[in-house]
Amino acid sequence: MNNTILVTGGAGFIGSNFVLQWIANADARVVNLDLLTYAGNRRNLQSIEHHSRHVFVHGDICDESFVASLLREHQPRAIVHFAAESHVDRSIAGPAAFIRTNITGTYEMLQQVLRYWQALPEGDQSVFRFVHVSTDEVYGTLLPGEPAFNETTPHAPNSPYAASKASSDMLVRAWHHTYGLPVVTTNCSNNYGPWQFPEKLIPLMVLNALEGKPLPVYGDGLNVRDWLFVEDHCAAIRRVLEDGRIGQTYNIGGNSERSNIDVVTAICDILDELRPDPSIGGRRNLITYVKDRPGHDRRYAIDATKIARELNWVPEQPFESGIRKTIEWYLAHLDWVNDIRTGAYLNWIEQNYAERLAQ
Ligand code: NAD
Ligand code: DAU
């Protein structure tokens with residue numbers, strides 16, 4: 001078997017960070033399968049465009065014959081499955097794409113990977129892994145003070161996105177339990193860092209605050225997320241791929257719970273320091289409370305003691321330095337941002353915020 005891994009969704013936010021980190025730190029080739037939806041961007045991978053160990057393939061995980069021939073051609077020893085529709089607000093506005101990619105797409109991957117794995121020689125079968133990258137949102141919501149989600153917390157998804165990811169977790173579990181496919185699942189908390197598409201909370205707030213635009217905080221701003229720097233998440237996935245136990249689930253988190261309003265005020269203060277602008281004034285004044293997300297989960301928190309104990313992984317980047325690094329990254333990559341913020345992106349912003357801001 002080749003020393004090759006197949007990554008799906010490797011032109012998106014976490015996938016591209018993973019592929020960049022992999023090329024810098026590991027010796028295997030990466031075949032990177034991505035449909036290049038609005039969230040996928042080959043510019044994220046520009047620095048490794050001509051790298052001998054990176055092969056980009058434009059294609060759809062839902063296309064079974066395409067996936068089968070890709071597996072035959074490249075003979076990977078592992079799959080890391082990131083490809084998904086990932087934005088909760090978009091899942092509320094239009095769930096169909098989430099059902100297709102996250103459920104049907106994962107099913108098609110599992111079926112094709114199972115056939116490929118069953119045909120491998122025994123020695124190759126035993127080293128093969130399918131790592132399924134999932135989210136803490138499958139566990140539902142917590143009240144303040146409730147214990148964090150651990151790997152035995154039952155799935156109780158609340159948004160169409162979370163339900164589609166929970167379904168994919170169940171399919172992965174069943175393909176292991178029934179057919180013996182060597183899978184490992186990860187459930188991670190909110191990521192932030194370089195290359196995050198500017199419709200998610202942190203990049204959206206950085207860019208609006210930079211430009212003196214309103215900062216739309218949903219509801220009362222007291223919803224809590226557990227923030228993890230994306231490079232820490234990628235390092236955790238590499239550990240899971242190396243030594244994760246087959247059939248197990250590993251929760252991954254930043255141990256960094258913050259309310260949304262605390263995240264937004266931190267961004268305002270750092271930008272006031274890095275890019276003071278008298279025409280904008282103190283950026284906290286831009287904070288605008290807007291209509292809440294329907295079914296908005298109140299709090300997520302991850303208990304990551306299992307991955308620390310078994311795989312010796314802990315997050316390295318504290319939130320305070322990670323958020324500063326992230327803001328500095330966006331300030332240095334405004335050309336990347338401006339390339340993205342064109343027609344389709346602007347239509348989404350209009351659809352999501354016009355009615356909310358009118359409140
Ligand atoms: P993203 O939306 O930035 O990237 C998704 C990528 O998948 C894009 O490059 C897109 O083009 C590709 N894609 C979509 N449909 C496809 C298809 N049918 N075939 C092939 N490629 C397709 O997402 P992200 O934030 O990088 O998340 C990656 C994974 O990690 C997802 O599975 C998500 O559920 C999970 N996750 C994300 C977070 C987070 O905070 N962003 C946290 C935990 C888990
Ligand atoms: O928890 C992991 C999940 O984190 C991932 O599985 C998802 O793929 C990822 O998108 C993220 O989901 P969230 O819904 O938590 O992320 P988002 O950036 O959309 O929102 C973070 C919080 O900020 C959430 O409570 C909603 C709030 N919010 C978001 C936006 C875009 C606002 O208050 N205003 C906004 O404009």
Side-chain angles (χ1 to χ4, degrees), residues 7-18 32-42 44-45 57-63 66-67 80-92 97-98 100-102 104-106 108-109 132-139 149 159 161-162 164-165 168-169 186-193 195-205 208 214-228 230 233-234 237 252-254 258-261 263-264 287-293 296-302 349 352-353 356-357:
V7 167
T8 70
F13 164 47
I14 306 174
S16 57
N17 275 283
F18 180 85
N32 184 351
L33 166 61
D34 197 296
L35 186 58
L36 297 177
T37 67
Y38 78 93
N41 189 344
R42 286 196 73 172
N44 304 10
L45 303 161
V57 183
H58 185 203
D60 189 345
I61 58 166
C62 298
D63 182 342
F66 175 76
V67 170
V80 186
H81 178 41
F82 292 100
E85 290 289 336
S86 71
H87 188 182
V88 174
D89 292 319
R90 285 189 190 247
S91 83
I92 295 166
F98 290 72
R100 178 185 185 275
T101 296
N102 300 0
T104 307
T106 301
E108 295 295 359
M109 285 299 297
H132 174 57
V133 180
S134 191
T135 170
D136 59 0
E137 300 206 10
V138 299
Y139 296 123
F149 302 128
S159 70
Y161 163 68
S164 68
K165 290 297 290 188
S168 69
D169 291 10
T186 61
N187 292 93
C188 186
S189 63
N190 284 62
N191 284 216
Y192 68 102
W195 313 114
Q196 187 165 30
F197 196 78
E199 66 188 10
K200 301 285 178 74
L201 178 76
I202 287 181
L204 182 97
M205 294 297 170
N208 281 17
L215 306 179
V217 173
Y218 295 168
D220 62 6
L222 296 179
N223 302 68
V224 170
R225 299 291 184 262
D226 174 2
W227 292 97
L228 177 68
V230 63
H233 184 191
C234 296
I237 293 169
I252 303 171
R258 297 282 184 287
S259 68
N260 292 339
I261 192 65
V263 170
V264 175
I287 292 171
T288 309
Y289 290 93
V290 299
K291 190 174 164 193
D292 209 352
R293 172 184 282 175
H296 196 176
D297 284 338
R298 194 62 173 167
R299 173 176 166 244
Y300 304 140
I302 279 281
I349 293 295
N352 194 40
Y353 294 103
R356 281 197 161 104
L357 285 167

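Just so you know, ligand 1 is whichever comes first in the structure, and atom 1 is the first atom listed for that ligand.
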Is it the case that ligand 1 has an N or O less than 3.5 angstrom from some N or O of Gln196? no
Can you tell me how far OG of Ser164 sits from CZ of Arg100, rounded to the nearest 0.5 angstrom? 13.0 Å
Regarding ligand 1, does Ala83 bring an N or O atom to under 3.5 Å of one of the ligand's N or O atoms? no
For ligand 1, which atoms sit closer than 4.0 Å to a heavy atom of Val133? 30 (O), 32 (O)
With respect to Ile14, determine whether any N or O atom, backbone or side chain, lies less than 3.5 Å from an N or O atom of ligand 1. yes
Short list, please: which atoms of ligand 1 are under 4.0 Å from a heavy atom of Ser86? 1 (P), 2 (O), 23 (O), 25 (O)
Any nitrogen or oxygen of Glu85, main chain or side chain, under 3.5 Å from a nitrogen or oxygen of ligand 1? no
Intermediate values then yes/no, side chain to side chain donor-acceptor pair (under 3.5 Å), Tyr161 and Glu85: CA-CA 8 Å; Tyr161 163 68; Glu85 290 289 336; over 6 Å; no
As a check for students: among Glu137, Glu85, Arg299, Lys200, identify the option with a heavy atom nearest to atom 13 (P) of ligand 2. Glu137
I need the atoms of ligand 2 closer than 4.0 Å to a non-hydrogen atom of Leu204, numbered in the order shown. 36 (O)
What I'd like to find out is whether the side chain of Phe149 reaches to under 4.5 Å of the side chain of Val138, using heavy atoms alone. no
Please state which protein non-hydrogen atom is closest to atom 7 (C) of ligand 2 and give its distance, to 0.1 Å? Ser86 O, 3.4 Å
Could you say whether the N/O atoms of His81 and ligand 1 ever approach to under 3.5 Å? no
Relative to the heavy atoms of Gly59, which atoms of ligand 1 are at a distance of less than 4.0 Å? 19 (N), 20 (C)
Ligand-residue contact atoms, ligand 1 with Gly40, heavy atoms, under 4.0 Å: 8 (C), 9 (O), 11 (O)
Any donor and acceptor pair, going by atom type alone, linking the side chain of Asn41 with main-chain N or O of Ala39 inside 3.5 Å? no
Looking at ligand 1, does any of its N/O atoms fall within less than 3.5 Å of an N/O of Thr135? no
Given that the side chain starts at C-beta and the backbone is N, CA, C, O, which of these parts of Ser134 lies under 4.0 Å from ligand 1, counting heavy atoms, or is it both or neither? backbone
Return yes if some donor-acceptor pair links the side-chain N/O of Thr104 with the main-chain N/O of Thr101 below 3.5 Å, else return no. no
Asn44 side chain vs Ser16 backbone, donor-acceptor pair below 3.5 Å: no
Numbered in order shown, the ligand 2 atoms found under 4.0 Å of a heavy atom of Val88 are 14 (O)
the protein heavy atom lying closest to atom 27 (C) of ligand 2 turns out to be Asn260 ND2, 3.4 Å
Any side-chain heavy-atom pair from Asn17 and Phe82 closer than 4.5 angstrom? no
Among non-hydrogen protein atoms, atom 29 (C) of ligand 2 lies closest to Tyr218 CE1, 3.6 Å
Heavy-atom check, side chain of His81 versus side chain of Ile61, under 4.5 Å: yes
I'd like to know if Ala97 contacts ligand 1, where contact means a heavy-atom distance under 4.0 Å to any ligand atom. no
Just to confirm my output: which protein heavy-atom neighbour is closest to atom 9 (O) of ligand 1, and how far is it? Asp34 OD2, 2.6 Å
Could you list which atoms of ligand 1 come closer than 4.0 Å to a heavy atom of Phe82? 28 (C), 29 (C), 31 (C), 32 (O)
A student checking ligand 2 against Glu199 at a 4.0 Å heavy-atom cut-off should list atoms 31 (C)
Considering heavy atoms of the protein only, find what lies nearest to atom 32 (O) of ligand 1 and give residue, atom and distance to 0.1 Å. Lys165 NZ, 2.6 Å
Sub-4.5 Å side-chain heavy-atom contact between Asp89 and Arg356: yes
Is it the side chain, the backbone, both or neither of Ile61 that has a heavy atom closer than 4.0 Å to ligand 1? both
Is there side-chain contact between Met205 and Val263, with at least one heavy-atom pair below 4.5 Å? no
Looking at atom 34 (N) of ligand 2, what's its closest protein heavy atom, distance included? Pro216 O, 2.8 Å
I need the atoms of ligand 1 closer than 4.0 Å to a non-hydrogen atom of Leu36, numbered in the order shown. 11 (O)
Arg90 charged N/C atom sitting above Tyr38 aromatic ring, 6.0 Å / 45°: yes
For Ala11, state whether at least one heavy atom is located under 4.0 Å from any atom of ligand 1. yes
Go through ligand 2 atom by atom and flag the ones less than 4.0 Å from a non-hydrogen atom of Val217. 33 (O)
Please check whether Asn190 reaches ligand 1 - meaning an N/O of the residue sits under 3.5 Å from an N/O of the ligand, judged on distance alone. no
With side chain to side chain contact (heavy atoms under 4.5 Å, CB included) as the test, pick out the partner of Cys188 among Thr135, Val230, Leu228. Leu228
In ligand 1, the atoms that come under 4.0 Å of a heavy atom of Asp60 are 17 (C), 18 (N), 19 (N)
Answer whether the closest heavy-atom distance between the side chains of Asp226 and Arg299 falls below 4.5 Å. no
Please write down residue, atom name and distance for the protein heavy atom closest to atom 21 (C) of ligand 2. Leu201 CB, 3.8 Å
Under 4.0 Å from a heavy atom of Ala84: which atoms of ligand 1 are those, numbered in the order shown and with their elements? 5 (C), 7 (O), 14 (C), 31 (C), 32 (O)
shortest atom 3 (O) of ligand 1-to-protein heavy-atom contact is with Phe13 N, 3.0 Å
Among Val138, Leu228, Leu35, Asn44, closest by any non-hydrogen atom to atom 21 (N) of ligand 1: Leu35
I need the nearest protein heavy-atom contact for atom 4 (O) of ligand 2: residue, atom name and distance, please. Asn190 ND2, 3.0 Å
Just which atoms of ligand 2 are under 4.0 Å from any heavy atom in Thr135? 1 (O), 2 (C), 3 (C), 5 (C), 6 (O)
Numbered atoms of ligand 2 (with element) below 4.0 Å of Tyr300, judged on heavy atoms: 1 (O)
Which of the numbered atoms in ligand 2 are under 4.0 angstrom from any heavy atom belonging to Asp136? 1 (O), 2 (C)
Of Arg258, His296, Arg356, Arg293, the residue with the heavy atom nearest atom 17 (P) of ligand 2 is Arg293
Are the charged groups of Lys165 and Asp136 less than 4.0 angstrom apart, N to O? no
Heavy atom of the protein closest to atom 36 (O) of ligand 2 (residue, atom name, distance): Tyr353 OH, 2.6 Å
Side chain Asn190, main chain Arg225, donor-acceptor under 3.5 Å: no
Answer yes or no: does an N/O atom from Tyr161 fall short of 3.5 Å to an N/O atom of ligand 1? yes
The single option from Thr106, Asn102, Asp169, Thr186 passing side-chain hydrogen bond (donor to acceptor under 3.5 Å, both in side chains) against Ser134: Asp169
Is there side-chain contact between Val133 and Phe18, with heavy atoms separated by less than 4.5 Å? no
With a 4.5 Å cut-off on side-chain heavy atoms, are Thr288 and Tyr353 touching? no
Contacting atoms of ligand 2, where contact means under 4.0 angstrom from a heavy atom of Tyr161: 5 (C), 6 (O), 7 (C), 8 (O)
